[in-house]
Amino acid sequence: MILSSTACKSGSTLWQQGLFAFVASTPPDSTTDIQDDDSAQGLDNQSEVVVLPPASDTAMEEYYRLQQNLLICTLVFSAFICVSVWIAYSLHIALNYLIGACAGVVYLRMLGKNVASIGRGQARAGSGRLAVFVGLILVATQWQQLEVVPVFLGFLTYKAALIAYTLWTAVLPGQYVD
């Protein structure tokens with residue numbers, strides 16, 4: 001991420017004037033500098049690259065524990081909802097839901113690995129997670145035996161588990177399993 005040094009130094013002045021500007025992803029050869037009193041005082045208008053240090057080992061261990069807890073919560077939610085759908089509807093609908101839930105678990109795992117690589121200082125862009133979702137929906141719409149709605153709702157199970165886990169740790173902060 002590239003920030004204009006003038007924008008960083010004069011952020012409070014610009015904030016007071018209601019003109020706060022954030023310049024991100026600007027190439028070094030075409031920086032956007034904000035002209036104000038700092039430039040008149042002879043301060044450097046060169047762009048600087050902000051690089052975050054890699055995360056500490058304890059922070060990464062805590063992240064891996066969180067990732068494992070979220071994965072377990074997602075699997076428990078998926079199993080419970082799959083059995084509930086089987087009882088309430090049919091085995092066919094429950095299996096459709098289970099296919100979507102499995103794709104959601106794969107998506108969550110890929111998301112966790114991507115976030116972990118950012119935490120280690122290895123930023124990389126990937127569209128593999130999007131391919132999982134798009135591929136799942138394409139297969140569900142083209143294959144006659146699959147129902148789109150249960151597959152889609154199964155995929156979204158990881159989000160429900162994430163919300164439930166967040167609420168659980170917010171309400172009972174010391175009660176969750178490490």
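- Within the 4.5 Å cutoff, the side chain of Cys73 has heavy atoms near those of the Phe77 side chain.
- In this structure, CE on Met60 lies 8.5 Å from CD on Gln67, to the nearest 0.5 angstrom.
- Ile87 and Leu91 are members of different hydrophobic clusters when ILVMFWY side chains are connected at heavy-atom separations under 4.5 Å.
- Interatomic distance, Leu146 CG to His92 NE2, rounded to the nearest 0.5 Å: 7.0 Å.
- Across all non-hydrogen atoms, the minimal contact from Leu66 to Tyr165 is CD1-CE2, 3.4 Å.
- Aromatic rings of Tyr107 and Phe133 (six-membered ring for Trp) have centroids beyond the 6.0 Å cut-off, not under it.
- Every residue was checked against the side-chain hydrogen bond (donor to acceptor under 3.5 Å, both in side chains) condition with Gln142, not counting sequence neighbours, and none meets it.
- Each of Val76 and Tyr158 belongs to its own hydrophobic cluster when Ile, Leu, Val, Met, Phe, Trp and Tyr are linked at side-chain heavy-atom distances under 4.5 angstrom.
- Here the closest non-hydrogen pair linking Asn96 and Gln145 is OD1-O, 3.9 Å.
- Summarising the local packing, OH of Tyr63 is surrounded by more than 12 heavy atoms from other residues, nucleotides or ligands at distances under 6.0 Å.
- Between Arg109 atom CZ and Leu71 atom CG the span is 6.5 Å, to the nearest 0.5 Å.
- Scored by the side-chain hydrogen bond (donor to acceptor under 3.5 Å, both in side chains) test, Tyr97 finds Thr157 as partners (sequence neighbours excluded).
- In this structure, Phe80 and Ser84 have side chains that are in contact, with non-hydrogen atoms separated by less than 4.5 Å.
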Please test Val106 against Met110 for side-chain contact (heavy atoms from CB on, under 4.5 Å), starting from the C-alpha separation and ending with a verdict.
CA-CA 6 Å; Val106 169; Met110 291 172 75; 4.0 Å; yes
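- Looking at heavy atoms from C-beta onward, Ile137 lies in side-chain contact with Phe152 at the 4.5 angstrom threshold.
- Between the CD1 atom in Ile99 and the CZ atom in Phe155 there is a gap of 14.0 Å [rounded to 0.5 Å].
- Between Leu136 and Ala103 the shortest heavy-atom distance is CD2-CB, 3.7 Å.
- Looking at Thr74, Leu75, Ile81 one by one, the single match for side-chain contact (heavy atoms from CB on, under 4.5 Å) with Ser78 turns out to be Thr74.
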